[in-house]
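Here's the structure we're looking at; comments come further down.
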Amino acid sequence: MDILAVACALVATALYCNTLQAGFVYDDRRAILTNPDLLSSTPWSRLLENDFWGTPLNDRGSHGSYRPLCVATFRLNHLLGGLEPWGYHLVNVALHAACTVLVVRVARKVLPERNNLGHAITGFLFAAHPIHSEAVAGVVGRADLLACLLTLSALLAYSAHCERTRSPFPLILALVSSTLATLAKETGISSLALCLLWELCRGESSRKVNCGLTRSRSIGIVSGSLALLVLGRLRITGTRPEFASADNPTARHPSRLTRGLTFLYLPAASARMLLCPNTLSFDWSMDAVPRITSLLDARNLESACLYTALIGASIWTIKTLRRPVRETSLHLVQYPRSMSSRCPVCAGRRTGGCHTDGCRAANNNNNGPIGDCYCAKRPNNGLIWSNGFASRQAAASGVAASLGFLVLPFLPASNLFFYVGFVIAERILYLPSVGACLIVGAAISGCYQIARRHGSRRKGRAVLLATAVLVCLMSAKTLLRNADWFDEESLYRSALHVNPPKAYGNLGSVLSAQGRVAEAEEAFVQALRYRPNMADVHYNLGILQQGRKNYEEAILSYQRAIHFRPSLAQAYVNLGAALASVGRGTEAAAVLRAGASLDGSGLRDKRGLTEAARVQALLQLGALYADQGRLQRALSAYREALHALPDHYPPQSVYNLLGETLSRLQQYAEAERWFQASLASQPDHVPAHITYGKLLARNSSRVLEAERWFLRARRLAPDDSSVHHHYGLFLTSQGRLSEAAEEQLRAAELSRSDYELSMAAASALRQADRLEDAEVWYRHAATLRPHEARSHTNLGAILHLNGKYKQAAAAYSEALRLQPGDATTIMNLHKLAATLA
């Protein structure tokens with residue numbers, strides 16, 4: 001057992017234990033909560049046809065990310081634990097621990113040395129690096145974890161193939177691991193490139209071969225497999241998907257100089273994160289990384305330093321590895337007396353054996369003292385020789401492998417070859433961080449060896465102490481960063497100083513969902529101050545304003561959202577509803593009709609943002625026509641919605657609205673068929689129970705059957721105020737006033753802020769001759785709408801009946817103040833005057 005690897009894995013596990021209590025945040029919601037590919041009702045074959053988010057790959061709105069292996073693990077999580085987040089986080093932590101173990105094993109291959117210092121530093125840095133928080137703490141980061149795990153497995157398998165006389169089994173394992181890595185995430189395709197790099201640096205052409213596999217054949221097989229993977233990946237996903245300009249603003253900048261300088265800088269910014277992960281953010285889109293518009297920008301120095309270092313290291317590596325073996329010079333290594341026991345020749349001298357072959361005493365022509373032992377490593381003679389050039393070659397191959405891990409997985413996300421839909425993504429750096437940790441581990445180990453070689457124990461201890469402090473600081477930063485990923489509010493607040501518009505916009509949505517309306521509105525306003533053209537923020541602000549009945553402000557917000565993004569279908573739905581609320585029915589109908597005509601072209605989430613919104617627009621249009629009494633037009637809109645229903649949209653609501661409209665048109669037989677269809681589609685659909693019961697109650701011979709449907713609705717939704725209200729109306733129509741009063745009272749108690757339910761409860765109590773209780777609810781209704789004359793008129797009437805004449809007169813007077821000349825109030829006031837006379 002590799003104790004070092006296990007220790008590093010335990011550190012990795014311990015650092016991320018606090019993520020097990022985290023919820024689904026940010027992209028997790030779309031990948032898990034709304035992804036139809038996780039449902040057991042979806043065929044497994046759909047995973048091969050859809051992208052990472054559950055959208056068909058051939059859809060114009062597809063993201064283009066093809067990761068069926070990762071989605072399959074999400075589905076297994078869903079089968080075992082449903083939507084409980086801790087199970088998903090547990091798998092991510094386990095994968096990170098497994099990756100840490102393999103990183104240590106790769107370090108042993110890449111950094112060959114007698115002590116384990118470089119391996120240990122690499123393993124502990126990888127376990128504790130804060131850049132990994134997004135990949136491990138965010139559930140969608142599993143794609144990067146799987147790709148890294150399988151890439152490391154592929155490299156280890158291929159190195160075994162090179163070492164074991166070209167055995168075919170490790171080669172097959174490497175090819176399978178690489179294919180699975182590519183199916184986990186696109187960066188996994190770099191695994192075969194890493195295998196080729198390993199072959200060029202460490203493969204031995206003179207080794208005895210097995211099963212006819214030579215070095216050239218191995219290279220041909222790996223190269224052909226790499227080409228097939230690339231072509232297959234391109235064929236599956238087709239052309240690159242479109243992305244919003246806000247996701248990667250530089251990609252659409254008109255200046256080539258700006259695009260070039262900025263994209264040359266982004267790898268340097270990523271490298272800085274790997275070396276000093278001080279500033280981290282869940283999102284780096286928009287203007288989180290300001291564009292470089294001039295050669296005089298100081299950030300160009302970072303780019304120059306990065307590329308100079310990479311080019312210099314690459315040139316040195318290539319020269320060292322290409323130097324012919326015949327140029328190798330053998331150097332005698334002097335071992336002092338204290339180390340002579342390690343020399344087999346010297347050991348033979350002490351035991352009386354031969355000590356003349358390969359070992360000789362020093363004389364005056366030697367640099368060392370008399371009695372020192374000089375040994376050289378010769379093949380198969382058991383003596384120790386030192387090849388200085390061989391050690392440089394080993395170092396060069398280690399540098400090459402480390403640079404390969406650092407650069408090759410990052411290339412697809414670099415924007416240098418083709419534009420991608422993000423600026424910087426921290427989870428993309430999970431696999432490249434292996435190379436960074438290898439480089440840092442080798443550098444620190446080299447410093448330590450230099451310090452010890454010069455006999456300075458104090459400097460060596462200082463190097464070890466500094467390394468321990470570095471790992472501790474990384475661990476502390478990781479724990480703090482994991483806390484940011486605990487919930488969405490913490491995550492978005494942590495990025496307010498990095499990406500204010502995106503962070504404030506998302507924070508406002510979270511606060512709004514929590515009912516913290518004032519804070520949410522302030523967050524939305526702040527986001528728009530930084531970036532006024534954010535359609536989503538205008539839309540969310542409109543929802544907030546509409547909920548507060550600030551319809552005019554909501555209308556302006558929805559109109560701005562549509563102006564900045566004409567394809568935002570849901571904004572049309574809400575704008576139509578807001579216009580209808582202020583009596584602008586003609587405009588509302590036009591807006592809803594426009595929303596219903598959108599096809600969602602180019603949208604990333606067509607399923608969620610367009611198809612459902614189109615149906616909702618038609619349903620809202622039908623409701624508008626129904627409220628206007630234009631029932632035939634309402635029926636036509638509902639039928640159009642029925643034909644536009646996508647496969648994933650639940651149809652029972654549309655069936656129920658069709659039945660209700662047909663019932664109002666007195667087409668009772670057809671209405672009943674639609675009610676039955678709604679109940680067949682969803683047997684527990686409560687609105688269908690109510691509307692079907694109301695239909696049956698029209699027929700005196702089916703009253704008992706109607707009541708059974710009302711009672712079923714009440715059993716299904718005992719805390720739904722509308723159920724009790726409609727059942728109360730049914731009981732009133734049957735003359736069962738006492739029972740009706742109880743149902744209406746229950747409805748009002750469940751929704752004490754609902755004015756109409758309070759009035760209905762008061763009226764039912766009055767009809768049931770429960771006048772004192774009726775007075776309580778009339779008073780409550782008057783407090784809900786103190787500026788409505790009807791509230792005070794009804795309150796005055798019940799006070800009049802209860803003999804509270806002075807209070808009744810005051811209520812009537814307030815009603816007349818609010819609505820002068822109201823006939824009902826004046827008549828009641830005359831009756832009160834007659835009573836007092």
Steps toward side chain to side chain contact (heavy atoms under 4.5 Å, CB included) verdict (Phe405, Ser402) = CA-CA 5 Å; Phe405 270 109; Ser402 300; 5.9 Å; no
Pair Ser314-Leu403, side chain to side chain contact (heavy atoms under 4.5 Å, CB included): steps then yes or no
CA-CA 8 Å; Ser314 300; Leu403 291 178; 4.1 Å; yes
When you measure from the side chain of Asp28 to the backbone of Gly138, do you find a donor-acceptor pair of N or O atoms at a distance under 3.5 Å?
no
So OG of Ser494 and CZ of Phe486: to nearest 0.5 Å the spacing works out to 14.5 Å
- Considering only NZ, NE, NH1 and NH2 on the basic side and carboxylate oxygens on the acidic side, decide whether Glu199 and Arg217 come within less than 4.0 Å. no
ask   = Taking atom types as modelled and ignoring hydrogens, do the side chains of Arg259 and His253 form a donor-acceptor contact shorter than 3.5 angstrom?
value = no
**Report entry** Expected output: side-chain Asn482 to main-chain Asn18 donor-acceptor under 3.5 Å
**Finding:** no
Backbone of Ala5 reached by a side-chain donor or acceptor of Asp2 within 3.5 Å: yes
**Study point:** Main-chain N/O of Ile292 paired to Thr262 side chain as donor or acceptor, under 3.5 Å
**Key:** yes
Heavy atoms from other residues, nucleotides or ligands near NZ of Lys477 exceed 12 (cutoff 6.0 Å)
yes
message = Tell me whether the count of non-hydrogen atoms from other residues, nucleotides or ligands lying under 6.0 Å of OH in Tyr307 goes above 12.
response = yes
Modelled atom types, side-chain donor and acceptor of Ser218 and His161, under 3.5 Å: yes
Exercise. Taking atom types as modelled and ignoring hydrogens, do the side chains of Asn278 and Arg272 form a donor-acceptor contact shorter than 3.5 angstrom?
Worked result: no
Original post:
For Asn499, does its backbone N or O pair with a side-chain atom of Asp287 as donor and acceptor, under 3.5 Å?
Top reply: no
Quiz prompt | Stepwise side chain to side chain contact (heavy atoms under 4.5 Å, CB included) test for Leu429 and Ser433 | solution = CA-CA 6 Å; Leu429 299 177; Ser433 70; 5.5 Å; no
Any donor-acceptor pair under 3.5 Å linking the side chain of Thr122 with the backbone of Gly118?
yes
Practice problem: Ignoring hydrogens and angles, tell me if any N or O in the side chain of Glu426 forms a donor-acceptor pair with the backbone of Ser281 under 3.5 Å. | Solution: yes
Notebook entry, point to check: Is the side chain of Ser255 donor-acceptor paired with the backbone N or O of Thr258 at a distance under 3.5 Å, no angle test?
Noted result: yes
### Carboxylate-amine/guanidinium contact Asp27 Arg427, below 4.0 Å
yes
Partner of Leu261 under side-chain contact (heavy atoms from CB on, under 4.5 Å), picked from Thr250, Leu295, Asp297, is Leu295
Q. Okay, side chain of Thr308, backbone of Ala304: is any donor-acceptor separation there less than 3.5 Å?
A. yes
Taking every heavy atom of Val407 against every heavy atom of Leu310, the minimum-distance pair comes out as CG2-CD2, 4.3 Å
Under 3.5 Å, is there a donor-acceptor pair linking the side chains of Ser177 and Ser153?
no
*asked:* Please tell me whether Asp283 and Ser285 have a donor and an acceptor in their side chains that are separated by less than 3.5 angstrom.
replied: yes
For His89, the ring-ring contact (aromatic ring centres under 6.0 Å, His included) test, sequence neighbours excluded, returns none
Side-chain donor-acceptor pair under 3.5 Å between Thr182 and Arg233, yes or no? no
query = Parallel, tilted or perpendicular for Phe52 and Phe74, by the 30°/60° rule?
reply = tilted
Tightest non-hydrogen contact, residues Leu146 and Ala184, listed as CB-CB, 3.7 Å
Salt bridge Arg481-Glu134, side-chain N to carboxylate O under 4.0 Å: no
ring-ring contact (aromatic ring centres under 6.0 Å, His included) filter on Tyr430, not counting sequence neighbours, yields His96, Phe126, His132
